[in-house]
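For reference, the structure discussed in these notes is given below.
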Amino acid sequence: MPVSKKDYQARPDLLKDRIILVTGAGSGIGAAAAKSFAAHGATVILLGRTTRKLETIYDEIEAAGHPTPAIYPMNLEGATPEDHIQLAETLEKEFGRLDGLLHNASILGNLTPLSQYNMEHWGKVMQVNLNAPYLMTRACLGVLNKSEDASVVFTSSSVGRKGRAYWGAYGISKAAVENMMQIWADELEANTPIRVNSINPGATRTSMRTRAYPGEDPASNPEPEAIMAAYLYLMGPDSKGSTGEQFDAQ
Ligand code: NAP
């Protein structure tokens, strides 16, 4: 059974002095998470493919007087294992450790019957949603191990927890992410400070949601800023001891 932390109350300095990397930080849930982590004291590394969007979030965090973030432009679709290693080396050089890693970036691909799925799109979805978080976690193990209390969070979806018609590569990638989370958690539980969990944001008002449900009234879903309690819980010390678990943000 997934654990709900939607009513968690984060204290203002919950993430003070933590270094947290957020993928897909330029928009949607990733942008809200980056701003929320910064507002609770974290130094956030904003990773994404559109530099302009990352700069906007950077400016908002700076204008709010929160710890100065960093920008790391990276297209996860084309990123090689060496690119991920380069990212980890940069983090180590600039910050010395990594306390949090939120794997948030993903793409929807096509909503079509499995029998008709376009294989080029299949490859892109698997690359961004599954291979990239795998390679990034693997590359960052060393710098995560430098933390006293490191939290890795994979982003799932309802369709990753139970298969649903037409969700194709997206649903399969999210189911695989859940399994990968459990393997990492099991392997890292002994002898490392790294805990690994997954979060299902639930229906949230973002551009991905609009693409998936074009006929839906966007106002029927909460804004990303309204679902941050579970994200804060997972990134902060209160979730110490939880690993290999599934969380719901709503
Ligand atoms: P979104 O609005 O589409 O945002 C996705 C983010 O990922 C964007 O910042 C995007 O950057 C980035 N991204 C996509 N492809 C990338 C690539 N190749 N390299 C680097 N960054 C890339 O989606 P969202 O709704 O906020 O979703 C966030 C997470 O929650 C996803 O993992 C999604 O599967 C999950 N989720 C969302 C919902 C929901 O209702 N919204 C429900 C269940 C699960 P650009 O803006 O530059 O393209």
Side-chain angles (χ1 to χ4, degrees), residues 2 6 21-36 44-58 60 71-80 83-84 87 101-111 120-121 123-136 152-164 167-178 180-181 197-214 216-228 230-231 234 246-250:
K6 68 182 170 64
L21 173 62
V22 178
T23 73
S27 56
I29 294 167
K35 288 191 276 183
S36 185
V44 183
I45 299 109
L46 309 165
L47 187 148
R49 68 176 158 183
T50 313
T51 305
R52 181 182 43 81
K53 291 184 186 178
L54 300 174
E55 285 170 352
T56 302
I57 305 306
Y58 180 105
E60 287 183 33
I71 290 181
Y72 200 92
M74 187 167 174
N75 186 340
L76 298 173
E77 192 183 309
T80 63
D83 293 329
H84 287 277
L87 163 68
L101 171 50
L102 174 60
H103 293 294
N104 163 83
S106 94
I107 56 173
L108 190 58
N110 305 120
L111 300 184
E120 193 189 330
H121 295 164
K124 288 182 179 177
V125 171
M126 291 300 172
Q127 190 61 30
V128 175
N129 297 8
L130 178 62
N131 299 349
Y134 165 67
L135 289 169
M136 194 178 291
V152 177
V153 179
F154 289 95
T155 305
S156 186
S157 166
S158 308
V159 297
R161 291 186 176 165
K162 184 169 191 320
R164 196 184 303 161
W167 282 81
Y170 177 88
I172 294 167
S173 72
K174 294 296 189 182
V177 156
E178 293 278 15
M180 175 165 66
M181 173 279 282
N197 296 286
S198 71
I199 189 163
N200 172 15
T204 309
R205 202 183 312 169
T206 67
S207 60
M208 182 185 286
R209 179 75 193 181
T210 306
R211 278 197 55 226
Y213 295 90
E216 184 183 71
D217 175 8
S220 60
N221 295 315
E223 293 194 286
E225 288 72 16
I227 63 155
M228 285 299 126
Y231 285 82
L234 282 169
Q246 298 177 322
F247 287 80
D248 282 340
Q250 298 189 43

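One-based numbering, in listed order, for ligands and for the atoms of each. Every heavy atom of this structure was used, including side-chain atoms; hydrogens, water molecules and symmetry mates were not.
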- Query: Quick one: does ligand 1 sit under 4.0 Å from the side chain of Ile107, the backbone, both or neither, non-hydrogen atoms only?
  - Reply: side chain

- Any heavy atom of Ser158 under 4.0 Å from ligand 1? The part involved is neither

- Is Arg209 close to ligand 1, meaning an N/O of one under 3.5 Å from an N/O of the other? no

Does [X] come within less than 4.0 angstrom of ligand 1, counting non-hydrogen atoms of the residue?
X      : value
Gln127 : no
Ala79  : no
Met74  : yes

- Task: Go through Leu87 and Met136 one step at a time and tell me if the side-chain contact (heavy atoms from CB on, under 4.5 Å) criterion holds.
- Result: CA-CA 8 Å; Leu87 163 68; Met136 194 178 291; 3.8 Å; yes

So which heavy atom in the protein is nearest [atom], and how far is it from that ligand atom?
atom                    : answer
atom 27 (O) of ligand 1 : Ile29 CD1, 4.1 Å
atom 47 (O) of ligand 1 : Thr50 OG1, 2.4 Å
atom 36 (N) of ligand 1 : Pro201 CG, 3.4 Å
atom 34 (O) of ligand 1 : Tyr170 OH, 2.5 Å
atom 5 (C) of ligand 1  : Ser106 O, 4.0 Å
atom 32 (O) of ligand 1 : Asn104 O, 2.7 Å
atom 46 (O) of ligand 1 : Lys53 NZ, 2.6 Å
atom 18 (N) of ligand 1 : Asn75 OD1, 2.9 Å

Residues [X] and [Y]: side-chain donor-acceptor under 3.5 angstrom:
X      : Y      : result
Asp83  : Thr80  : yes
Asn221 : Glu216 : yes
Gln246 : Ser198 : no

Would you mind listing which atoms of ligand 1 come within a distance below 4.0 Å of any non-hydrogen atom of [X]?
X      : result
Glu77  : 18 (N)
Gly24  : 6 (C), 7 (O), 9 (O), 12 (C)
Gly28  : 2 (O), 26 (O)
Ala105 : 7 (O), 12 (C), 13 (N), 21 (N), 22 (C)

- Message: Can you classify the ring geometry of Phe154 versus His103 as parallel (below 30°), tilted (30 to 60°) or perpendicular (above 60°)?
- Response: parallel

Side chains of [X] and [Y]: closer than 4.5 Å at any heavy-atom pair?
X      : Y      : answer
Ile45  : Val22  : no
Pro2   : Asn200 : no
Leu234 : Ile199 : yes
Asn129 : Ile107 : yes

Judged on heavy-atom distance to [atom], which of [options] sits nearest?
atom                    : options                       : result
atom 17 (C) of ligand 1 : Thr210, Leu76, Thr155         : Leu76
atom 38 (C) of ligand 1 : Ala203, Ala31, Gly202         : Gly202
atom 41 (N) of ligand 1 : Thr206, Ile57, Asn221, Val128 : Thr206

- Does a side-chain N-to-carboxylate-O contact under 4.0 Å join Asp248 and Arg161? yes

- Taking atom OH of Tyr72 and atom CG of Leu54, what is their separation to the nearest 0.5 Å? 12.5 Å

- Query: What's the shortest heavy-atom distance between Leu47 and Met74, and which atoms?
  - Reply: CD1-SD, 3.8 Å

- Message: Strictly distance-based, threshold 3.5 Å: is any side-chain N or O of Thr23 a donor or acceptor partner for the main-chain N or O of Asn104?
- Response: yes

